[in-house]
Structures are given as C-alpha cells and as structure tokens.
2 protein chains.
Amino acid sequence: MLRISKMTDYATVLLARLAAAPDRQLTATQLAAQSHLAAPTVSKVLKQLHRRGLVSSTLGLRGGYRLARPAAEITAAQILDALEGPMALIECARATHQCSIESTCGVGRAWQRVNLAIRRSLQEITLVELAGLGGEPVRFAALERALRGGRAERT
Amino acid sequence: MLRISKMTDYATVLLARLAAAPDRQLTATQLAAQSHLAAPTVSKVLKQLHRRGLVSSTLGLRGGYRLARPAAEITAAQILDALEGPMALIECARATHQCSIESTCGVGRAWQRVNLAIRRSLQEITLVELAGLGGEPVRFAALERALRGGRAERT
DNA sequence: CCTATATAGGACTAGTTTAGTACTAGATTG
DNA sequence: CAATCTAGTACTAAACTAGTCCTATATAGG
Ligand code: FES
Ligand code: FES
C-alpha cells in the first residue's frame, strides 16, 4: 500500500511540535500530552530521533528535547530515513541486490528510478512545510510542477 | 521503508512478460518458468491481476493469460492498486480518517499531499516503460521535470 | 462422455515485521 | 542525595505477508 509506519507518522507529529516551539526545551511527557500519544511510545520515537541526529537532548532534571537544527533544514526524506532506514521500493533496490532474475527482467531498474525520483522529491519537503509553519499553505514546488505538466496555474 | 510488497514486484515482472508477447496466451506455468518464480505464487498473483482487470484469461485446455489492454494503458499506479489497494501513506489518509489529533497537528494534511503527488506521478509511468519496451530508456517525464527543477538539461 | 489441462477462489500456515511496553542505567539539578 | 529527566535494551503481542494447498469449474480433444 506504499505506506509509512506509524512510528514515522508519530515522529513527524513530534517534530512538528518541536518546530513550533524552537526556543523551548520540551520533555517527552509534555510532547506526549500535547500530541495525545502514549508516553512510552513518544519516548521511544524521540530516542530514535536523537540517535539519528534530528533532535538534541539534555539529560537530567529540567532536561528535554529540541530540534537539532532549524526546521527548514530537516526534510521528509531525513525523517523517513531516521525511522525506517534508507528506503527501497523493492527488494532488488537494496544494497546487496541478489535478484536471481535481474538480467532478464529489467523491471528492477525501472522501479529503482521511480524510487530515486520519489526520494528526491521527499528531500525537497522540509519540516517547515510538514508542520504547516510556512504561513502559506504547504507547497511542494517540485512535485506540483510535475503534476501541472508545465501548465501555468495561478494561486 | 516505503516499500512495495513482493507480490507487487512479481506482478510487475509477470505483466512485463505478458507485455513482451502481446499476441500470445501464456499459462501460469509458462510464466513461472520464464520468471524463475514458484508456480503457485505466480498463479496467485495472476488471479489477483485478473480480478482487478489487468489481465484477461481463458479457461480450460489451451487457456492462459494475456494483458487486458495495451501495455501503454497500464500504469504503475494501477498495478499498485491492484495488488495492495489504494495507497495511503499514513493512517490519517485512509477512507475513514479518525485521527484523534487531526485538528491540532496539520501533519496529516501535508502527508496527504505528498501521497497524492506520488500517486499522480505513478500514473504517468506505464507498463511499457516498466517492461523496458519503449526502445528508449525509461523516462519519467513528470518526475524528472520535478527533479531538474526547471534547469535545462540535454539527454 | 470422459479425461487432461487450465483457471477461479478460498482457506490455511509459517514467517516476518510492527507497535507497544517494561526495565535498567546514567546524567543533571538543587 | 533525592527527584527528574533521557539512553539503551529487551521483550511481548498483534498484525501483516508470503507462500502453499485444496476444491470447483471451464474448455478441448479423443
Ligand atoms: S525483479 Fe529483481 S531485477 Fe527484476
Ligand atoms: S497524525 Fe493524523 S492528522 Fe496528524
């Protein structure tokens, strides 16, 4: 179904919260309350995000989390990678591709290009847009350009 | 990991085979042999493809499968839909979206747009390209347009 | 009419993945 | 030194996937 995991979804929500309060340090408990998510789950996701360098943390009393860098520098692709590892649409696209029928089918290569194209598109979407902080409605320039197919359209 | 299921991968391979022999009727066994896949699995996938109207079948002795319509009229999006149902990147994008935090998060909406954009891109990719039958290398016009970002690039 | 060859459909099982929870350890403040 | 945080890991339950198997039905040909 070409879906992302719930964890990744949660991660986006939490990152959006953090992006909305760039100067404050938020604890896992606070974020859980704000997001209406279970505390242990939130904690798990945040730990993962920390490990992948998307958030920075402070230990101890009065500790908490904050974004490791400005929201504009965090992309959808990075979030996906952090939670689910580098994406590969099909098995054959993985690192050690050992597809037995690769020589004859040629399909793998085609999917890989789809893969790459989607990935690059996701790299153009930042947390600012995902969090809806941009002031203007979310806008995926590249993808929309693709969809319009060159037709000029205003607003 | 944003991946498609093996079944969908198999489906693409099988459809590519059928596309390569548009005038012949191929049995599940023949396709299995050509693709180096297990016969029961191939059969299962073909049945699914038939149910979703991507291939037509002939029963009985000397029966078999063929494409229901020209390869150029079968898109990657249709194949994905056939095997996995309409794609929804996140839970909230599903038919009965009952996300408890939808009002406050806004993230769901953003992902939905990503979802839609990817989907439309997949609709521009036909089986001709996936099967590598086009003569020229696979070309995803819309997606590449998106990636170039308006920069002119030759070949 | 009977048999061999195909597809159609569904049920079933094993395996893998995901989601969620719990527990232990370490850091910081006051 | 006690309270409040995060860090890391391990574990369990549930969901999904992949693959197989069984039964029914349709067709061609002897
Ligand atoms: S299915 Fe792996 S390369 Fe074609
Ligand atoms: S997570 Fe469902 S709408 Fe935000």
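Proteins get letters first, then strands, A, B, ... in listed order; numbering begins at 1 in each.
By the 4.5 Å heavy-atom criterion applied to side chains, A:Met7 and A:Thr41 are counted as neighbours. In this structure, B:Leu54 and B:Gln78 have side chains that are in contact, with non-hydrogen atoms separated by less than 4.5 Å. Using a 4.5 Å heavy-atom threshold, the side chains of B:Tyr65 and B:Lys47 count as touching. Using a 4.5 Å cut-off on side-chain heavy atoms (C-beta onward), B:Leu127 and B:Leu67 make contact.
Within residues 47-57 of chain B, the residues having any heavy atom under 4.0 Å from DNA chain C are, by residue number, B:Lys47, B:His50, B:Arg51, B:Ser57.
Counting to the nearest Å, the P atom of C:dT28 and the CD atom of A:Gln25 are 12 Å from each other. A straight line from NZ of B:Lys6 to C1' of C:dA14 spans 13 Å, rounded to a whole angstrom.
A sub-4.0 Å separation between OP1 or OP2 of D:dA7 and a side-chain N or O of A:Tyr65 is present. Proximity of B:Ser5 to the phosphate of D:dC16: no side-chain N or O atom is located under 4.0 Å from OP1 or OP2.
Closest approach of B:Gln123 and B:Thr75 over heavy atoms only: O-CG2, 3.3 Å. Contact detail for B:Ile79 and B:Ile74: the closest heavy-atom pair is CG1-CG2, 4.1 Å.
Taken over five-pair windows at either terminus, the axes of the helix from C:dC1-D:dG30 to C:dG30-D:dC1 are inclined to one another by 10° (rounded to 10 degrees).
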Between the protein and nucleotides 1-5 of chain C, are there any N/O to N/O pairs under 3.5 Å, and if so, what are the atom names and distances?
residue, atom, partner, partner atom, Å
C:dT5, O2, B:Leu61, N, 3.2

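At distances below 3.5 Å, at least one donor-acceptor pair connects side-chain atoms of B:Gln30 with backbone N or O atoms of B:Thr27.
The pair B:Asp9-B:Arg3 does not count as a salt bridge, with every side-chain nitrogen at least 4.0 angstrom from each carboxylate oxygen.
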